[in-house]
Enquirer: 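Please find one structure pasted underneath; my questions will follow.
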Amino acid sequence: MAAAAATAATKGNGGGGGRAGVGEASGTRKKKGPGPVATAYLVIYNVVMTAGWLVIAVGLVRAYLAKGSYHSLYYSIEKPLKFFQTGALLEILHCAIGIVPSSVVLTSFQVMSRVFLIWAVTHSVKEVQSEDSVLLFVIAWTITEIIRYSFYTFSLLNHLPYIIKWARYTLFIVLYPMGVAGELLTVYAALPFVRQAGLYSISLPNKYNFSFDYYAFLILIMMSYIPIFPQLYFHMIHQRRKVLSRTEEYKKFE
Amino acid sequence: MKHYEVEILDAKTREKLCFLDKVEPQATIAEIKNLFTKTQGKSLKDEDVLQKLPVGTTATLYFRDLGAQISWVTVFLTEYAGPLFIYLLFYFRVPFIYGHKYDFTSSRHTVVHLACICHSFHYVKRLLETLFVHRFSHGTMPLRNIFKNCTYYWGFAAWMAYYINHPLYTPPTYGAQQIKLALAIFVICQLGNFSIHMALRDLRPAGSKTRKIPYPTKNPFTWLFLLVSCPNYTYEVGSWIGFAIMTQCLPVALFSLVGFTQMTIWAKGKHRSYLKEFRDYPPLRMPIIPFLL
């Protein structure tokens with residue numbers, strides 16, 4: 001939806017003339033942004049989330065120092081992890097009511113997959129909580145979220161330090177595959193226990209004539225990473241080129 | 001009064017985007033922008049007359065490639081033939097679906113046979129309506145729709161059929177009472193749906209694309225037009241609810257829910273178009289559910 005920018009030039013006078021119309025030509029969208037109340041709320045939200053994930057980060061470090069090993073650190077940060085990751089569901093609401101310009105579908109997908117891993121896998125299959133793969137994705141998520149939420153906070157305040165922007169669009173190169181590896185290994189570790197306990201599964205016969213095999217469902221989830229992960233990863237790489245190169249351009253003109 | 005000729009160029013490429021002649025001198029930039037986007041925005045229809053378009057004596061028409069297209073009739077026939085055939089594969093317990101000892105066996109429950117008749121009748125009706133009843137406004141739709149639509153119809157048909165025809169199928173809790181009531185709902189709604197399709201067909205002469213407000217006819221099933229804009233969808237949802245109660249099968253209920261959601265979106269759109277096009281549109285009517293939705 002390109003906003004038409006009409007520049008009226010009177011004949012005979014070179015350029016001159018007034019500029020009518022709002023918005024820029026092809027490429028940039030008209031940025032309306034949230035109102036002052038919404039902005040204040042979002043700043044608070046993002047600050048709280050940044051703080052929350054910092055608590056998790058600090059908790060991990062302290063537990064590691066106290067225990068002397070990196071095994072089974074999940075238990076020390078279980079509660080704040082569940083609280084703050086589940087709290088991210090609010091972000092779906094933010095998109096739905098329009099105070100954040102992202103797509104509801106995309107955001108839902110991202111948040112739901114995190115919430116699924118926390119509750120439907122790690123919480124539900126206790127045997128998996130002591131696996132190292134859990135630490136792998138928790139660390140990846142923690143670093144990513146601290147940067148992401150501070151990025152949003154600074155952006156809302158119109159004062160984004162380049163280092164934050166750089167971190168957000170660069171560290172994912174390592175953190176994203178790291179998180180995916182942790183997630184997949186955790187789901188894989190959960191499989192035998194799901195099979196054994198018949199967890200979340202219902203079999204025939206029953207009066208609703210329905211069946212669900214959670215074991216098969218988890219395998220389908222794992223397989224879905226194959227088409228989805230590369231797409232998201234390369235999308236981020238593409239975004240990185242766009243965002244970081246533009247900053248370079250502007251820097252030249254200073 | 002002297003009129004202006006206005007030429008709109010792309011700011012970057014200097015390409016001529018639009019030429020408006022006979023622009024009033026009092027026209028504001030907003031109005032000129034409007035004329036420009038009107039000629040570029042909404043698609044023109046085949047029936048539009050050149051003289052009536054909001055352009056000057058030079059009309060610039062923009063060609064937009066819609067991509068590969070496929071006819072509505074082809075899509076409908078394919079998406080409806082699938083469920084008909086697929087359900088029967090499960091009904092006859094073709095090998096490799098259930099355990100080998102069940103190959104080509106038959107269910108001992110009457111309701112399972114009844115369900116097969118209802119499901120098959122439903123899709124045969126749809127196929128016949130596609131061939132002989134419906135009058136389509138558009139000839140074609142994008143090609144990718146056939147893959148999307150067939151996945152939906154064929155997928156759900158297989159999922160429902162698997163459970164209803166399963167050797168471990170459990171008949172409805174309230175037995176014959178439940179089955180009879182549900183069957184009645186199904187039959188009434190199928191008749192209703194067909195009546196509406198016939199009424200809509202009679203609104204439009206063959207080969208034309210005219211649009212008129214549908215009204216109730218002598219057929220009592222069409223009296224639902226008094227309360228809703230799209231009673232065909234109302235009856236369709238009703239049919240599937242009937243089928244779900246009759247089979248007491250959760251996947252059928254889920255299919256009904258998804259279908260209801262989609263049809264509600266379509267009904268709201270149609271309702272909005274009716275309101276926009278006809279000043280005297282009956283105010284009592286709701287899109288799909290009387291008084292509610």
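This is a predicted model, so every value here is computed, not measured.
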Enquirer: Is there a donor-acceptor contact under 3.5 Å from the side chain of B/Thr170 to the main chain of A/Asn206?
Expert: yes
Enquirer: Which is it for B/Tyr163 and A/Leu204 under the side chain to side chain contact (heavy atoms under 4.5 Å, CB included) test, yes or no, and what are the steps along the way?
Expert: CA-CA 9 Å; B/Tyr163 290 107; A/Leu204 294 175; 4.1 Å; yes
Enquirer: With a cut-off of 6.0 Å (strictly less than), are more than 12 heavy atoms of other residues, nucleotides or ligands near CE of A/Met222?
Expert: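 Atom CE in A/Met222 is crowded, with more than 12 foreign heavy atoms closer than 6.0 Å.
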Enquirer: May I ask you to check whether over 12 heavy atoms, not counting those of A/Lys126, lie within 6.0 Å of atom NZ?
Expert: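 Yes, because the 6.0 Å sphere around NZ of A/Lys126 holds more than 12 heavy atoms from other groups.
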Enquirer: Has A/Phe116 got more than 12 heavy atoms of other residues, nucleotides or ligands less than 6.0 Å from its CZ?
Expert: yes
Enquirer: Quick one: OG1 on B/Thr247 to OH on A/Tyr208, what's the gap to the nearest 0.5 Å?
Expert: 13.0 Å
Enquirer: Crowded around A/Tyr188 OH? As in, over 12 foreign heavy atoms under 6.0 Å?
Expert: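 Not more than 12 within 6.0 Å, no.
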Enquirer: Under a 3.5 Å distance rule, please check whether A/Asn209 uses its side chain to pair with a backbone N or O of B/Gln248 as donor and acceptor.
Expert: yes
Enquirer: Check the orientation of A/Phe210 and B/Trp159. Use parallel for under 30°, tilted for 30 to 60°, and perpendicular for over 60°.
Expert: perpendicular
Enquirer: Is the OH atom of A/Tyr200 crowded by more than 12 outside heavy atoms at less than 6.0 Å?
Expert: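 Result for OH/A/Tyr200: enclosed.
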